[in-house]
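Following: one structure in structure tokens, then a few remarks.
Letters A, B, ... mirror the listed sequences (proteins, then strands); counts begin at 1.
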2 protein chains.
Amino acid sequence: MSRTMLTGLQLIGTSFSGEGDHTFRAFDPVQQQWLPTEFREATAGEMDAALTLAAKAFPHYKKLPATRRAAFLQAIAAEIMALGDELIQVAAAESGLPVARLQGERDRTTGQLQLFADTITEGSWVNARINTQPDIRQLQIPIGVIGIFGASNFPLAFSVAGGDTTAALAAGCTVVFKAHPAHPHTSHLVATAIRKAALNTQMPEGVFSMLHGTSHETGQYLAAHPLLSAIAFTGSFRGGKALYETATRRTTPIPVYAEMGSVNPVFFLPGILQEKGAELAQQFLQSVTQGVGQFCTNPGMFITAKDDASTFVQALQQGIATAAGGYMLTPGILEAYTSGVEQLTRQGALVLGKAPANPHQGSPCLLQVSVAQALENPTLCHEVFGPSSLHIQATNMEELYLLAQRLEGQLTVTIHGTETELAAHAPLIDILREKAGRIIINGFPTGVAVNHAMVHGGPWPATTPAAGTSVGTAAIYRFCRPVCFQGFPASLLPPELQDSNPLGIWRLVDGHFSNT
Amino acid sequence: MSRTMLTGLQLIGTSFSGEGDHTFRAFDPVQQQWLPTEFREATAGEMDAALTLAAKAFPHYKKLPATRRAAFLQAIAAEIMALGDELIQVAAAESGLPVARLQGERDRTTGQLQLFADTITEGSWVNARINTQPDIRQLQIPIGVIGIFGASNFPLAFSVAGGDTTAALAAGCTVVFKAHPAHPHTSHLVATAIRKAALNTQMPEGVFSMLHGTSHETGQYLAAHPLLSAIAFTGSFRGGKALYETATRRTTPIPVYAEMGSVNPVFFLPGILQEKGAELAQQFLQSVTQGVGQFCTNPGMFITAKDDASTFVQALQQGIATAAGGYMLTPGILEAYTSGVEQLTRQGALVLGKAPANPHQGSPCLLQVSVAQALENPTLCHEVFGPSSLHIQATNMEELYLLAQRLEGQLTVTIHGTETELAAHAPLIDILREKAGRIIINGFPTGVAVNHAMVHGGPWPATTPAAGTSVGTAAIYRFCRPVCFQGFPASLLPPELQDSNPLGIWRLVDGHFSNT
């Protein structure tokens, strides 16, 4: 795939289409210039065509043996690697992210495809449940066409062939992907890789399509479309909520799995700050400023109690003064970050320290409020996407507990403490367990490992619904529902539910787990 | 518990409360008279009090070992049995249901409590997932206070101590139950049984409360209440949709698990009708008229192709003429049934046959339309709750397939066919698999067994969301969400996730199932 072949069109099944007149371009945040290639926005007719093909492909795709779907996922990974350096360079230009980071993200993406391929090949994920008397047999089945909205901040791992697409395809659903307008060329390259993989592994046409669009209307048109069965989204609260509202008000409502961000509070207990406050300050700043703070799990808030925090806060102030700023993903994100920090100060937050940065960069920043301020004005505790963190200073442990109790839903909550004080503050951990999908002790929230145990989700407003995760193999269940078969002759049962257990999967048979 | 102790009040924790002025009474549909006892409707203050107590009880209740929660469930079952004949008599008077049916329903209710007690005692249901590198450990946790709305048609098994309450309490959630106004005295008796069980097993006060109410406003007040974490409902589409709309438009939306009914289509393929049409006609009529058709899984629609159905239809016509009508649960349900049948005829349905019945009874009835009529006017295919069934006569298999494709979401879909024709019509089964939560071959949908494999749920408008089931042990997951613990010291991990696996549960450890 050479750059000259680039058309800037929609991918509808295996064909490219460019019916629309509206075009847009991506911006290079490092070079501070618009990139040359024009991309056409999808028309309603193109969206209909993609959804119609996806709906037609679904009954064929869902019936393929898991090994065929796994081969497709593996072929996608191979085709992504075959894009070579061009993918990394294009992604770097469109996102301003460093090459090494993007190479790591590519590994994460291909590793994720492989993990889901392994999971569906092994096969136990379908949660087969067999009741012998009466004969009723349950498993998870895919639900249809999934509309997926890519994130800006992971142009590979949370985008075209990212976690949502991988989980949906693994489940047996077909996908209509709405590319993020900040990295259309990157999206195009990955879409061509999926197209090649689909052709090479003889997938039904329409198993995957990709549409471009910059407007609110494109998203709304997709969310309201009768051929759609569910939505997956990673992005802002506003964007996720708009899709949720449309999807829940349809004649036939559909589920929306929206990951809408989080402030990811970090609680530092007094003992551990006395023990190693300076060291923790360096590690915490690293977590705040990493990737210019552009992670859903960036720690945007930290809480301390009593004056014991002074060494720690001083170390933070020293560190932040020399922290490195960086180019943010888009001018819009930089602007939102800058104005978000300004709004915090306008609402009474004290600036603890700020790193120098050129005006085109996001400048790391620490701010401070009291618990009283935070509780009085909950907007202080809303996410500011970027390398800032708000220190909430409690004057005692009661205040710290009160703040913990009042926290909104989060993707993560972190607690730092010595062994003794963690044991003493088990009730705090217990409170915080209700607030997030992942609870971290003596670590940092950035870095979301892809594995069987990860939960990347949490109570509203972090995600909707809290029962979903968008990272890790449990993400597959968002695109499934249980169905049971009663009185089926063996020949009509899926292999997962046949008496002989031909796939050798783990099943719950009359209440007992068994893989025979 | 003697009848003279009956107060007609709310149960708030362990106390009875009657602050309100609005009262109502239940109706005996067999004796055609209002029952004497007055019940007070809950006030906003009483609802607040119940929810506040439930929210206070939750952090204590969720931390009890599963064996304690199991003991509570078993104690509820024992206390229900201890109510003796009074419960059955009161339920019979309020519902018009026969004593034998209510005794069976009581067995179902206590059996359900025992099954969930066994499930949580065994413990593997928490879906523990452990990733050792990095150290991340996931399990399902309860989500908080569940608002449960009881159904009219199962005054025991889908009511106060029914499937939803049992699943929520088993998960570790606390419950505020809104009693169905058609059987307040039955509800009161069961609530007192739960109260006794909670006291005897030292449960935290507020683990269960019960409120009375007849108005739309009571339900809406509960659904909008900030202390509520989820809603479970069994009833009409209108009622479920109203709760869904309120719950999804809250500042903090919450999940609604609404079971809103279904027409439960039954497909009869030509070969099986030739083989044993007359026999199937008897069995089908039995399924239609059983319990005066007052089941969520009542077969309200059946489909045949070609003229081969004539013997079958004639047998149905003969059978329906002498089928037994019966008293329906409430005057409102009888009225809705009668007018539902009238509306079908007004919209062009032909009356195939009707059983004689006194004007206070629901009269079994068969109606008929063509596929063309059904597709033109989808309201013909909406549920009429009661002992009627609409014959949709296809003139050929293409029409039958077309109808199958256009079906709305259902709780169940049934197919009758010979071995040969089932094999030949595997594509039909494949289409129907997308339409329901339970697919039945050569059986009937009435009779929903409680076990590990049952799915009682299906795509909208049958339930919301389709991923839930309200019968069977998988119902517990509606009241849970996954959470993961990262970097936790062993002493702070719940036993389900400790290295030594002290509970001996099945866990997914680095992708491998193991119970050691």
> Given A:R129 and B:T473, is the side chain to side chain contact (heavy atoms under 4.5 Å, CB included) satisfied, shown in steps?
Replying inline: CA-CA 10 Å; A:R129 292 169 158 236; B:T473 54; 3.1 Å; yes
> Measuring heavy-atom distances to chain B, does A:K63 have an atom under 4.5 Å in its side chain, in its backbone, in both, or in neither?
Replying inline: side chain
>> Counting only heavy atoms not in B:R406 (residues, nucleotides, ligands), do more than 12 fall under 6.0 Å from its CZ?
In response: no
> Based on non-hydrogen pairs under 4.5 Å, which of A:G487, A:G437, A:S229 is most in contact with chain B?
Replying inline: A:G437
> Between A:A436, A:G144, A:G447, A:A426, which shows the greatest number of heavy-atom pairs under 4.5 Å with chain B?
Replying inline: A:A436
> Rounded to the nearest 0.5 Å, how far does CG of A:L493 lie from CD1 of B:I429?
Replying inline: 10.0 Å
>> Counting only non-hydrogen atoms closer than 4.5 Å, does A:T251 touch chain B with its backbone (N, CA, C, O), its side chain (CB onward), both, or neither?
In response: backbone
> At a heavy-atom separation under 4.5 Å, does B:L422 approach chain A through its side chain, its backbone, both, or neither?
Replying inline: both
> In Å and rounded to the nearest 0.5 Å, what is the CG to CG distance from A:L508 to B:N451?
Replying inline: 10.0 Å
>> Quick check on the interface: out of A:Q140, A:E419, A:R137, A:M454, who has the most heavy-atom pairs with chain B under 4.5 Å?
In response: A:M454
> A:A466 versus chain B, heavy atoms under 4.5 Å apart: side chain, backbone, both or neither?
Replying inline: both
> Tell me, do B:P465 and A:R481 make a side-chain contact under 4.5 Å, heavy atoms counted?
Replying inline: no
>> Could you check whether any side-chain heavy atom of A:V455 comes within less than 4.5 Å of a side-chain heavy atom of B:V483, counting everything from C-beta outward?
In response: no
> Which one, B:A449, B:P253, B:P461, leads in non-hydrogen pairs under 4.5 Å with chain A?
Replying inline: B:P253
>> Is A:R433 in contact with chain B via its backbone, its side chain, both, or neither, using a 4.5 Å heavy-atom distance?
In response: both
> What part of A:D118 gets closer than 4.5 Å to chain B, counting heavy atoms only: side chain, backbone, both or neither?
Replying inline: neither
> Under a 4.5 Å heavy-atom cut-off, does chain A meet the side chain of B:D510, its backbone, both or neither?
Replying inline: backbone
>> Which one wins on heavy-atom pair count under 4.5 Å against chain B: A:N442, A:I143, A:D430?
In response: A:D430
>> Classify the ring geometry of A:F513 against B:F513: parallel below 30°, tilted from 30° to 60°, perpendicular beyond 60°.
In response: parallel
>> Could you report the tightest heavy-atom contact between A:A467 and B:C480, atom names first, then the distance?
In response: CB-O, 4.1 Å
> How far does CZ of B:F488 sit from CD1 of A:I441, to the nearest 0.5 angstrom?
Replying inline: 3.5 Å
>> Testing the basics here: between B:C484 and A:A453, what is the closest heavy-atom pair and its distance to 0.1 Å?
In response: CB-O, 3.4 Å
> Quick one: what part of A:P482 sits under 4.5 Å from any heavy atom of chain B, side chain, backbone, both or neither?
Replying inline: both
> When rounded to the nearest 0.5 angstrom, what is the spacing between CZ in A:F58 and CD in B:E434?
Replying inline: 4.5 Å
> NE2/B:H452 to CG/A:N127 distance, rounded to the nearest 0.5 angstrom?
Replying inline: 13.5 Å
> With a 4.5 angstrom heavy-atom cut-off, which part of A:I440 approaches chain B: side chain, backbone, both or neither?
Replying inline: both
>> Between A:T252 and chain B, with a heavy-atom cut-off of 4.5 Å, which part of the residue counts as in contact: side chain, backbone, both or neither?
In response: both
> To the nearest 0.5 Å, what is the distance between CZ (B:R249) and OG1 (A:T248)?
Replying inline: 7.0 Å
